[in-house]
Visitor: 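Before anything else, here's the structure in question.
All residue numbers refer to positions in the sequence shown, counting from 1.
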Amino acid sequence: MEILQTAAGLQARTEGWRQNGQRIGLVPTMGALHEGHLQLVRAAARENDVVVVSIFVNPTQFNNPEDFRLYPRLPEADATLLQDTGCTVLFAPSVEEMYPQPTVMRFDFGALEQVMEGAHRPGHFNGVATVVSKLFHLSRPHRAYFGQKDLQQVAVIRQMVADLSFDLEPVTFPTVREADGLAMSSRNRRLSPQARAVAPRLYQALELATRLLQQHATVAEVQQQVTAFLQQHPEIELEYFDISNARTLQPLEDGAAPAGQVALCLAAWLDGVRLIDNVVVNLA
Ligand code: PAF
């Protein structure tokens, strides 16, 4: 595995691969790698000739400077983890390399970013779209791999790929969970033992919501029961729990008993750490 730190170095490498007709897979990450990331890299290695994994804690997608400062950074451990995954190039640029000048252009995803993460983290998806489009231009992938844990991010990136005619296929992989159901996340490392002990309640809340919807409960009834379930744990501060159309991510009406593909998404604070999770349910 080669480690590259400059945009020019990565462009030269991908240009050579393209000329040789090699298929390029890209796995964009912010590091502090876990099994969820590694599954994306292994899939990229199976489905492409060469794989670029980027590790870059992108400042422009953090609306909270403290969250950016505390985001786990483990460059040596990450490089070791990637050794046997099929990663060809680890791209690990500095902030100055990715942003030689402040960006002026802004992305606007309309209704798609006026809910959930977009509503609670102003500017977040502008930062995500900016860095992901830079990574697409530098690595020129045929396929790019993302985890379903960031469901709204996946929708935003798919929209961007379609709107800007990026010649690549975005690939989404299911959320990878710990044995107790907690969605794997780089932020889990920051959980205190007490917060880690109650964190699986988030997925249990989504499972409860799924069962209720399968029994034809209304949106308002599910909202009320999920909120009550999480309120039993004072360590959990629910930021939002949305029941939405899985395609548009727009919230469903309170009185409706939903049918079709429904996305259940939540964000919550546990002891100063913000976690998100979601499930997509197929309802008859
Ligand atoms: O999902 C992430 O880790 C980040 O949002 C991404 C896609 C690497 C962009 O910085």
Side-chain angles (χ1 to χ4, degrees), residues 1-18 22-62 64-103 124 126-147 149-150 153 157 160 166 168 170-171 173 176 184-190:
M1 180 179 79
E2 185 181 17
I3 301 181
L4 296 174
Q5 290 176 317
T6 65
L10 180 60
Q11 275 173 314
R13 197 60 79 251
T14 53
E15 180 59 28
W17 290 334
R18 282 262 171 181
Q22 287 170 291
R23 311 285 297 173
I24 304 169
L26 169 69
V27 185
T29 83
M30 297 205 299
L33 301 179
H34 51 69
E35 182 56 27
H37 294 118
L38 300 181
Q39 290 197 13
L40 297 181
V41 181
R42 288 190 207 105
R46 277 195 305 275
E47 295 170 4
N48 303 277
D49 301 311
V50 286
V51 176
V52 177
V53 177
S54 64
I55 295 187
F56 179 63
V57 184
N58 173 35
T60 65
Q61 71 187 73
F62 285 82
N64 176 343
E66 195 60 359
D67 190 24
F68 176 62
R69 192 177 70 77
L70 294 175
Y71 199 87
R73 291 162 171 89
L74 302 162
E76 286 88 18
D78 286 346
T80 306
L81 278 174
L82 286 172
Q83 285 299 347
D84 296 322
T85 54
C87 171
T88 318
V89 161
L90 164 56
F91 179 54
S94 65
V95 172
E96 295 70 29
E97 185 67 21
M98 285 303 274
Y99 295 105
Q101 58 191 44
T103 54
H124 172 64
N126 177 64
V128 169
T130 302
V131 79
V132 170
S133 51
K134 279 172 177 274
L135 291 168
F136 285 172
H137 287 303
L138 296 176
S139 56
R140 301 180 62 207
H142 295 83
R143 296 191 187 88
Y145 294 77
F146 300 91
K149 187 176 78 64
D150 296 289
Q153 169 172 281
I157 289 167
M160 182 179 82
F166 276 106
L168 61 89
V171 182
F173 258 66
V176 180
M184 288 196 186
S185 163
S186 304
R187 287 187 171 85
N188 291 352
R189 295 171 184 275
R190 290 185 47 218

Visitor: Using side-chain heavy atoms (C-beta onward) and a distance below 4.5 Å, is Val128 in contact with Gln61?
Guide: yes
Visitor: Can you check side chain to side chain contact (heavy atoms under 4.5 Å, CB included) on Thr6 and Gln11, steps first, answer last?
Guide: CA-CA 9 Å; Thr6 65; Gln11 275 173 314; over 6 Å; no
Visitor: If you compare all heavy atoms of Pro59 against all heavy atoms of Tyr99, which two are closest, and at what distance to 0.1 Å?
Guide: CD-CE1, 4.2 Å
Visitor: Supply the atom-to-atom distance Phe68 CZ to Met30 CE, rounded to the nearest 0.5 angstrom.
Guide: 9.0 Å
Visitor: Should Val89 and Arg13 count as side-chain neighbours, where that means a heavy-atom distance under 4.5 Å?
Guide: yes
Visitor: Can you confirm whether Val51 sits close enough to Val41 that some side-chain heavy atom of one is under 4.5 Å from a side-chain heavy atom of the other?
Guide: yes
Visitor: With Asn48, which residues qualify under side chain to side chain donor-acceptor pair (under 3.5 Å), at least two apart?
Guide: Arg143, Tyr145
Visitor: When you measure from the side chain of Arg73 to the backbone of Tyr71, do you find a donor-acceptor pair of N or O atoms at a distance under 3.5 Å?
Guide: yes
Visitor: How close do Cys87 and Leu82 get, counting heavy atoms only, and between which atoms?
Guide: CB-O, 4.1 Å
Visitor: What heavy-atom pair brings Asp49 and Arg23 nearest, and what distance separates the two atoms?
Guide: OD2-N, 2.6 Å
Visitor: Roughly how far, to the nearest 0.5 Å, is the NE2 atom of His137 from the OG1 atom of Thr14?
Guide: 12.0 Å
Visitor: With a 4.5 Å heavy-atom cut-off, do Pro72 and Arg190 have their side chains touching?
Guide: yes
Visitor: Using ring centroids (six-membered ring only for Trp), state whether Phe173 and Phe146 fall under 6.0 Å.
Guide: no
Visitor: Contact between Met1 and Gln83 at the side-chain level, heavy atoms closer than 4.5 Å - yes or no?
Guide: yes
Visitor: Please give me the minimum heavy-atom distance between Val50 and Thr88, naming the atom from each residue.
Guide: CA-OG1, 3.4 Å
Visitor: Kindly give the heavy-atom pair with the smallest separation between Leu138 and Met98, and that separation in Å.
Guide: CD1-SD, 4.2 Å
Visitor: Tell me, with the steps shown, if Arg140 and Leu10 meet side chain to side chain contact (heavy atoms under 4.5 Å, CB included).
Guide: CA-CA 10 Å; Arg140 301 180 62 207; Leu10 180 60; over 6 Å; no
Visitor: Between Ser186 and Ala32, which heavy-atom pair has the shortest distance, and what is it?
Guide: OG-O, 3.1 Å
Visitor: Is it the case that the side chain of His37 and the backbone of His34 share a donor-acceptor pair, with hydrogens and angles ignored and the cut-off at 3.5 Å?
Guide: yes
Visitor: Taking the side chain from Lys149 and the backbone from Val176, do they hold a donor-acceptor pair closer than 3.5 Å?
Guide: no
Visitor: Should Arg42 and Glu35 count as an ion pair when the cut-off is N to O under 4.0 Å?
Guide: yes
Visitor: Can Val52 and Val27 be said to form a side chain to side chain contact (heavy atoms under 4.5 Å, CB included), step by step?
Guide: CA-CA 6 Å; Val52 177; Val27 185; over 6 Å; no
Visitor: Within the supplied structure, the quantity of interest is the number of heavy atoms (other residues, nucleotides, ligands) at a distance under 6.0 Å from Asp84 CG; does it exceed 12?
Guide: no
Visitor: Would you please name every residue forming a side chain to side chain donor-acceptor pair (under 3.5 Å) with Arg69, sequence neighbours left out?
Guide: Glu66
Visitor: Evaluate the side chain to side chain contact (heavy atoms under 4.5 Å, CB included) criterion for residues Thr60 and Asn126: first the C-alpha distance (whole Å), next the side-chain angles of each, then the deciding distance (0.1 Å), finally the verdict.
Guide: CA-CA 8 Å; Thr60 65; Asn126 177 64; 5.9 Å; no
Visitor: Can a donor-acceptor pair be found, under 3.5 Å and without considering hydrogens, that links the side chain of Asp78 to the backbone of Leu33?
Guide: yes
Visitor: Once the angle between the rings of Phe166 and Phe136 is folded into 0 to 90°, is it parallel (under 30°), tilted (30 to 60°) or perpendicular (over 60°)?
Guide: perpendicular
Visitor: Should Leu90 and Leu4 count as side-chain neighbours, where that means a heavy-atom distance under 4.5 Å?
Guide: no
Visitor: Could you state the interatomic distance from CD (Glu96) to CD (Gln101), rounded to the nearest 0.5 Å?
Guide: 13.5 Å
Visitor: So do the side chains of Leu135 and Phe91 get within less than 4.5 Å of each other, counting heavy atoms only?
Guide: yes
Visitor: Are His124 and Phe62 close enough that their ring centres sit under 6.0 Å apart?
Guide: no
